[in-house]
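First up is the structure itself, then whatever we jot down about it.
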Amino acid sequence: MSSVQASRGTRDILKPEIYYWQKLESVARRILTHAVYTEIRTPAFESTELFARGIGEATDIVGKEMYSFIDRGDRSLTLRPEGTAGVVRALIEHKLYAQADVQKLWYTGAMFRYERPQAGRQRQFHQLGVEVLGSADPRADAEVIAIASDFLSELGLTELVVDLNSVGNAEDRLAYRQALVDYFTPYADRLDPDSFDRLSRNPLRILDSKHPQTQEIVQAAPSILDYLSPTSQQHFEQVKSLLTDLGIAFRIDPRLVRGLDYYTHTAFEIKSSQLGAQAAVCGGGCYDRLVAELGGPDTPAVGWAIGLERLVLLLQKLDEVKPPALDFYIISRGEQAEPKSLLVAQNIRRAGFRTELDLSGAKFDKQIKRAVTAGARYAVIIGDTEAASGNFQLKDLASGQQQSVTLLELISIASLT
RNA sequence: GCGAGCGUAGCCAAGUGGUUAAGGCAGUGGUUUGUGGUACCACCAUUCGUGGGUUCAAUUCCCAUCGUUCGCCCCA
């Protein structure tokens with residue numbers, strides 16, 4: 001086949017699937033609006049430096065997954081691989097922190113990473129995220145988790161589990177990192193190659209290796225929870241107690257670490273047992289150092305991102321989402337009738353009814369069949385006789401009853417029922 | 001980036017080294033006039049993702065390539 005096809009890792013979202021996306025978007029919008037989070041829309045590409053500095057040079061995302069390019073003005077740009085860096089850049093650039101101590105923001109949009117595509121993992125994918133900037137209060141952590149939890153359960157998802165951990169502050173992490181290096185070094189030759197590599201680069205990440213032999217060694221590794229400073233510990237305790245008060249079930253996973261450098265204190269993931277290897281639907285945590293690292297004032301922050309492709313995969317396993325019900329289906333055939341049908345359709349639509357106009361010119365039986373399949377409540381049948389008289393056939397598709405009515409009568413009948 | 005599987009019509013799917021590539025769903029036309037069901041009839045892949053090779057002969061075997069799926073990596 002010589003026709004052009006969608007690029008690897010990109011896809012079109014077509015009819016049945018799009019209803020899930022629309023549902024998820026409307027639920028998200030409602031919940032976030034009620035929580036008084038403000039939507040923010042940032043560019044799909046940013047200067048490469050923003051991600052290199054923000055996400056961390058040593059991360060895989062920056063190291064090998066970014067869509068970077070030089071534009072015609074010799075600038076190095078990158079399609080955003082995640083949403084937080086751009087939001088923080090906007091916060092700093094517009095000095096949003098000066099308008100209010102705490103900013104509560106949310107975003108959704110396409111992100112880009114050069115990865116091996118798989119179910120629920122595309123090169124162009126979509127995330128929904130929230131960021132609370134300017135509060136170190138444990139309530140901020142608990143609030144964002146509560147919002148994620150409400151959002152997911154509102155969508156009807158069960159079998160979700162919140163995994164929770166604290167990675168402490170910068171000093172805690174440093175001390176823990178050293179402890180891990182000390183622990184793993186004697187086992188260095190027994191680690192899998194990836195983990196061996198991380199020993200010097202990013203030892204925390206050895207913890208969530210899936211390699212069986214590495215896992216065995218990890219079993220007895222020191223726990224981050226033993227390296228938390230009293231303040232970090234207190235913060236963590238408060239988050240746990242707030243979640244308990246909210247009735248949000250969670251389990252502590254001291255081996256939960258995040259892939260991005262900017263995380264501190266609370267780290268969490270919401271996972272589904274129904275997703276195979278791409279189990280994490282929502283991931284987030286605190287990132288107290290990021291704003292300062294990108295040149296802004298010292299600003300504590302917490303947020304999460306939800307992978308929408310994975311969420312849609314889950315939703316599709318639940319109930320079927322249908323398009324909104326159809327009120328009218330306009331059937332017409334004939335030289336006088338067909339032009340008239342559009343006028344009728346527009347009038348009914350203006351009266352507030354969802355109305356489909358059949359443009360096929362097919363025979364009446366065919367069009368009526370389609371009206372039934374489309375789930376319409378009424379069919380309006382217009383032939384040349386009706387077009388001339390101004391009286392249309394209004395057919396109730398459930399009962400099969402049909403009457404001859406004017407446009408005004410037709411609308412008032414529909415309004416009454 | 002690594003390992004493995006898969007790729008036949010809009011969808012599902014059988015198939016074999018050898019004249020015309022099953023079947024089902026959907027679609028279209030029809031069984032005389034402008035009305036939903038059922039039944040019946042007809043039509044619907046010059047071609048098996050693409051390119052190359054082996055062979056007298058390939059959808060079938062081999063190689064490459066593209067896409068996709070699963071796992072690793074990573075992440076949401």
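Numbers restart at 1 for each chain; the letters A, B, ... are given by sequence-line order, proteins then strands.
When the P atom is used for both B:rG7 and B:rC48, the distance is 14 Å, rounded to whole Å. Comparing B:rG3 with B:rU65, their P atoms are spaced 12 Å from each other, to the whole Å.
The residue among A:Gln122 and A:Ile368 whose nearest nucleotide of RNA chain B lies closer to the 5′ end is A:Ile368. Where A:Phe125 and A:Ala6 each meet RNA chain B at their nearest nucleotide, the meeting point lying more 5' is that of A:Ala6.
Contact annotation for A:Gly400: base contact, defined as any heavy-atom pair under 4.0 Å involving a base atom. Residue-level contact check: A:Ile381 touches the bases, meaning some heavy atom is under 4.0 Å from a base atom. No contact: A:Gly83 has no heavy atom under 4.0 Å from any strand. Residue A:Arg370 is classed as a sugar-phosphate contact, given heavy-atom separations below 4.0 Å to backbone atoms only. Here A:Arg333 lies out of heavy-atom contact (under 4.0 Å) with every strand. Residue contacts shown for A:Lys395 include a base, since a base heavy atom lies under 4.0 Å away.
The environment of A:Arg139 atom CZ is sparse: at most 12 non-hydrogen atoms of other residues, nucleotides or ligands sit within 6.0 angstrom.
The aromatic rings of A:Tyr114 and A:Tyr67 sit perpendicular, their planes meeting at an angle over 60°, well past the 30° parallel limit.
A:Gln367 and A:Arg370 form no side-chain donor-acceptor contact under 3.5 Å, judged by distance and modelled atom types alone. Side-chain contact, A:Asp226 with A:Ser223: no donor N or O sits under 3.5 Å from an acceptor N or O.
Side-chain N/O atoms of A:Gln393 and base N/O atoms of B:rG34 include no donor-acceptor pair closer than 3.5 Å. Side chain A:Glu115 to base B:rA76: a donor-acceptor pair is found below 3.5 Å. Taking only distance into account, the side chain of A:Thr385 meets the base of B:rG34 through a donor-acceptor pair shorter than 3.5 Å. Between the side chain of A:Arg116 and the base of B:rC75, no donor-acceptor pair under 3.5 Å is found. Interface remark: the A:Gln402 side chain does form a donor-acceptor pair with the B:rU35 base, using a distance-only criterion of under 3.5 Å.
Listed for the A:Thr48 side chain is a donor-acceptor partner under 3.5 Å among the backbone atoms of A:Leu77.
With a cut-off of 3.5 Å on both Watson-Crick or G-U wobble distances, the partner of B:rU33 is given as none. Across all strands shown, nothing is found opposite B:rU16 as a Watson-Crick or G-U wobble partner with both distances under 3.5 Å.
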